[in-house]
**Student:** 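Shown below is the structure under consideration.
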Amino acid sequence: MRLVSKDLLGIEKLTREEIELILETAQKLHEIHSRDIKKVPTLRGKTVVNLFFEGSTRTRTSFEIAAKRLSADTINFSASSSSLSKSETLIDTARSIGAMLPDVIVVRHNQAGTPEMLSRMVKSSVVNAGDGAHEHPSQALLDLLTVKEKKGRFEGLKVAIVGDIAASRVARSNIYGFTKMGAEVRVAGPPTMLPPHIEQLGCKAYTNVREAVVDADVIMMLRIQMERHSKLLFPSIREYSRLYCLTPEILDLAKENAVIMHPGPINRDVEISSEIADGPYSVILEQVTNGVAVRMAILYLLAGQRSN
Amino acid sequence: MWIVNGRLIDPRNRIDGEHDLLVDDGRIAAVAPRGEGDREGQRIDASGKWVVPGLIDMHCHLREPGHEYKESILTGTRSAAAGGFTSVACMANTDPVNDSPAITEFILGKARREGVVNVFPIGAATRGLAGESLAEIGQMKEAGIVGVSDDGNPIMDSGVARRVFEYAKMFHLVVISHCEDRNLVGRGVMNEGLVSTRLGLTGVPTQAEEIMVARDILLAEMTGVRLHIAHISTAGSIRMLRDARDRGVDVTAEATPHHLTLTEEAVTGYRPDAKMAPPLRSEADVRALREAVADGTVEVIATDHAPHSPVEKEVEFDEAPNGIIGLETALPLVLKLVREGALGLERALHALTAAPALILRLDKGHLAEGADADITIIDPDLEFEFDPTRFYSKSRNTPFGGWKLRGRAVRTIVGGRTVFDLELGGIL
């Protein structure tokens, strides 16, 4: 079995079978991490370009390590995030990078839809590494893999996602991913952070975090963006954390072995108390490790299989 | 010159039938039922075609002066002629802004020398479209403007809007209002709803338009100015418009062919050619808009022809400028709506001819004896495909490329002179 599209632009467009394929492939590739020499020749001669219009150390590093462990050549290309502030337009950037004939272009951009626009302009596979408030598919896939390892199943699980849902690409990708796999997804945040008609994506929306985490098997806390236009979404960090910070008291409402996740980087004691972030139920660091395996699977399925 | 054997449709004079038209010295010299009298001299055979008053677009952007890389008076009026328009009213957001008689005179002079259709400038309502102080409306009126508008830059300050309305009324000028509350629009780039949530794009709620429609109706009632709402797009705006008209407020409105044809779904795939202000709306809004045009609540269809170069438009969705070109697509899209039963033919043609003429107080838009010989000949059955690379407009920003349509203008006559003839290869 293969992925249908040449690109990975979002979870919305994937079938359940494709998600399973990626997760199973990631699990097989996981074994490489435990080797002494963490490298296989699978993608030798393939080129992966990391095209990051928005700063990101984690995701870029994760993709780079994934590509290198598969022996692909990687090139990092950082560009200014706005076509207005630089002399080259998105089309020209895309065409000139496309003309170098990379096999995969991994794109991060602070504006929704840019990877999809780019995918129409190049023959290479385009992987969305996060676009604005749209999707972050590799993050959702690594979250799914982490939950799969911890819980062994998706069917019937209750997943609570808490934070700025409107601005979060991680939330959108995870809503699609977990609901497709048979889990029940709840999102929670103040009304200023819940986008219109969010429930039509298949989740249930709450403003009270306590209601959202009752009996939850998985709790995912989103990073609060303190820097941008946040004054209209909540009055202060103090008030936000009072209402939405994941504390031991709130965690008590969830199932006993609930898994605690966070896409990172975390704001300690803002959206998640240090006690919980460092506690036994937190899988935050496992998420990071799984990120490499999932990204290896994505690169393998797009670059390795397409030419075979 | 006789135009013979066509179906003459003149909504303003309630004519729809087999009439021939005599054009002499730039004017309509006679309208005669088929078979009455002789038809000597030069003849245009319009068999199988419709002969209608030259179309009038009361809302377009010709971009000159200042943005000639997007469009010019030459290319914009050619685009108009190719779409069947014989008159266009151009908005004031040029560079420099048309907020003084010198710019108005420049546009009219350029139009006389290079334009192929009639050009009627709209003056800015406020100086520099800044929404702060009055533009020289009186002197621009003397120079030839037919209305005032800060189109594209809604006047947020209600105190300023009130003074504009009061002042424009003294000159019997219509105020054309682009109704959007800029604070409520915020960073929004498309209609707010399920589609914006799915795409992760910031939404513009319908209320952003409706709040301003409500305000402007109240101010029009207060000041007695003639108010025209540009590109109305929501069911809520239409409800308020209908109510105001029922109460006798002097308010009219226009709908664009794209707001009548497309929904917010067109944004899927992040197509910048589906980005405009106000944004494409929901199916329910489109339904309400069609009904409002069909029953005459919205009297005018206007293009909001807004050319942009690919360098500006084919960029990240958030950064793409608003608007699409429309002069060459408007009539075929309207005829499609007619064929689908959304609008009556007479109503549709009225919206493209008599209605804008009455609002702008132009002695045009009908074909009575003595009227200007601005005439459009339409082949209702001609099948063709929109090919933006062959448009006369300098720009290509349209979501309708590749659409297969039936019915278009095949000949455009301005002041008795044919400026566009499809059979002879286009613009003459």
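Note on naming: letters A, B, ... go to the chains in the order of the sequence lines (proteins, then strands), and numbering restarts at 1 for each one.
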**Student:** How many angstroms lie between NE2 in A/His134 and OG1 in B/Thr197, if you round to the nearest 0.5 Å?
**Tutor:** 11.5 Å
**Student:** Kindly determine whether B/Glu314 and A/Met121 satisfy side-chain contact (heavy atoms from CB on, under 4.5 Å), including the steps that lead there.
**Tutor:** CA-CA 11 Å; B/Glu314 289 168 27; A/Met121 303 168 191; over 6 Å; no
**Student:** Quick check on the structure: residues of residues 195-209 of chain A within a heavy-atom distance below 4.5 Å of chain B, by number.
**Tutor:** A/Pro195, A/Pro196, A/His197, A/Ile198, A/Gln200, A/Leu201
**Student:** Quick one, B/Glu319 and A/Leu90 - any side-chain contact, counting heavy atoms below 4.5 Å?
**Tutor:** no
**Student:** If you compare all heavy atoms of A/Ala112 against all heavy atoms of B/Asp318, which two are closest, and at what distance to 0.1 Å?
**Tutor:** N-OD2, 4.3 Å
**Student:** With rounding to the nearest 0.5 Å, note down the distance linking OH in B/Tyr270 to CG in A/Asp131.
**Tutor:** 5.5 Å
**Student:** Return the CZ to CD distance between B/Phe317 and A/Gln111, rounded to the nearest 0.5 Å.
**Tutor:** 11.0 Å
**Student:** Would you mind reporting whether B/Arg198 and A/Tyr176 have side-chain heavy atoms less than 4.5 Å apart?
**Tutor:** yes
**Student:** Select, from B/Gly200, B/Pro205, B/Pro310, the one with the greatest count of heavy-atom pairs under 4.5 Å involving chain A.
**Tutor:** B/Gly200
**Student:** Under 4.5 Å from any heavy atom of chain A, what part of B/Pro272 do you find: side chain, backbone, both or neither?
**Tutor:** side chain
**Student:** Knowing that exactly one of A/Arg120, A/Met117, A/Glu116 qualifies, which makes a side chain to side chain contact (heavy atoms under 4.5 Å, CB included) with B/Arg271?
**Tutor:** A/Arg120
**Student:** With sequence neighbours excluded, what pairs up with A/Glu18 under the salt bridge (Lys or Arg N to Asp or Glu O under 4.0 Å) test?
**Tutor:** none
